[in-house]
Amino acid sequence: MVVLGIETTCDETAAAVVERRADGSGAILSNIVLSQTKEHAAYGGVVPEIAARAHVEALDKVIAAALKDAGRTWDRIDAVAAAAGPGLIGGVIVGLTTAKAIALVNKLPFIAVNHLEAHGLSPRLIGAVPFPYFLFLASGGHTQIVAVLGVGDYVRLGTTLDDAIGEAFDKTAKLLGLGYPGGPLVEREAERGQAERFALPRPMLGRPDPNFSFSGLKTAVRLEAQKIAPLSERDVADLCAAFQAAVTDVVADRLTAGLKAFRPRFGSPNALVAAGGVASNRAIRAVLHRVAFEARTVLVVPPPELCTDNGAMIAWAGSERLACGVTDALDASPRARWSLEAVTRPVGKDEAAKG
Ligand code: KG4
Ligand code: ZN
């Protein structure tokens, strides 16, 4: 089964062609991602109107490139999937409408994919990761701990009470005068900084509920920066190091709390899976290794190009749903908000889904 996937929920215009074989394994035939980073850099964050317009301008070409790279014509595509949310609604409408038009013209099954579900199922595209597993979703828009029990079967154990983890990186970068997106820049500065110089808070540490909070940490960085302004290069590096150390401490503690909540309800997870752009941070990866080791489970982190937003994960989630007999009608709505727990569960296909 060969599926075209379209992703336009944020600032990446992406399309990919993915194959799902009968044994449940997957292969990426093409994966085109056009980042709008430059368009948004001057604003220090994604501007929804600019994003939607850029998707309109780029999407047709990105889809054509994905087909060409995969060496496929429409008659050798079996289904089309698009991210129907959650995300910036203008962009979602662009991707979803395009996918529906393609499905209609080429008489293909259509699947409206939840973007978070796509992140969550992405490790199964690169290897056999059986359900149930423990998912840490860490991106610019989301920070969630999820029990993944099957296709369409998710239980959210924890979330952020305020800023997303990637957003905290981006806001810290902005207030320290670094560029956008901030995560990789903060990581680079942190590598040559001294974390011990600043005593930053570790919000939520020790709480049994596996939730997160980052806005207090961001404020603490701002207050420290104001105390010593104007900032030297050394100051910026030290503040980044202190911020990243606080975040990694929080992640280790919160994931440990999440695993404690997971076990009595769902048994031992088959893996600790991390997805989303922040999962490419090396300090965070080191912490994930430690947490997985202590929990006697394996750590699975998709490669960076599958961690950040992409069309392959949408195509793959579409193919997993299709394999469970799920398709969507062409009147499926775009959704700015769409929680993982509201995703429909395949009916009567539970056994196939658990494979
Ligand atoms: O998953 P993603 O590409 O897009 C969504 O938000 O859905 O994640 C982007 C986020 C941004 O906030 C970016 O700053 C952060 O991931 N990020 C990082 C790193 N690379 C990307 N944060 C920390 N360290 C990194 N190396
Ligand atoms: Zn994402």
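The basis for the numbers below is simple: all heavy atoms, side chains too, and nothing from hydrogens, waters or symmetry mates. Start at 1 and go down the list; that is how both ligands and their atoms are numbered.
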**Complete:** atom 1 (O) of ligand 1 sits nearest the protein heavy atom G277 N, 2.9 Å
**Message:** Checking the N or O distance criterion of under 3.5 Å, is ligand 1 in contact with D170?
**Reply:** yes
**Asked** Does a donor on one side chain and an acceptor on the other come within less than 3.5 Å for R321 and T344?
**Response** yes
**Fill in**
Distance col, row R202:CZ vs D249:CG, nearest 0.5 angstrom, shows 4.5 Å
**Message:** Angle between ring planes, F214 versus F212, binned at 30° and 60°: parallel, tilted or perpendicular?
**Reply:** parallel
**Request:** Compute whether any side-chain donor of one residue and acceptor of the other, for S232 and D235, lie under 3.5 angstrom apart.
**Result:** yes
**Message:** Please check whether E187 reaches ligand 1 - meaning an N/O of the residue sits under 3.5 Å from an N/O of the ligand, judged on distance alone.
**Reply:** yes
**Message:** Main chain of A112, side chain of D328: is a donor-acceptor contact present, judged purely on distance under 3.5 Å?
**Reply:** yes
**Request:** From atom 25 (C) of ligand 1, work out which of G183, G166, A279 has a heavy atom at the shortest distance.
**Result:** G183
**Request:** Tell me, please, which residues at least two apart from R296 pass side chain to side chain donor-acceptor pair (under 3.5 Å).
**Result:** none
**Message:** Does any N or O of ligand 1 fall below 3.5 Å from an N or O anywhere on F169, backbone included?
**Reply:** no
**Request:** Using a strict 4.0 Å cut-off to heavy atoms of G276, name the atoms of ligand 1 that fall inside it.
**Result:** 1 (O)
**Item:** Donor on one side chain, acceptor on other, D162 and S213, under 3.5 Å
**Value:** yes
**Message:** Once you restrict to heavy atoms under 4.0 Å, what part of N281 touches ligand 1? Side chain, backbone, both or neither.
**Reply:** both
**More than 12 heavy atoms of other groups within 6.0 Å of R263 CZ** = yes
**For atom 15 (C) of ligand 1, closest protein heavy-atom neighbour** = V278 CG2, 3.9 Å
**Request:** Taking atom types as modelled, find out whether T9 and E7 have a side-chain donor-acceptor pair closer than 3.5 angstrom.
**Result:** yes
**Message:** If we only consider heavy atoms of C10, is any one of them less than 4.0 Å away from an atom in ligand 1?
**Reply:** no
**Asked** For the atom pair CG (N106) and OG1 (T73), what is the distance rounded to the nearest 0.5 Å?
**Response** 10.0 Å
**Request:** Anything protein N/O/S under 2.8 Å from the Zn ion (ligand 2)? Just list residue and atom, please.
**Result:** H115 NE2, H119 NE2, D309 OD1
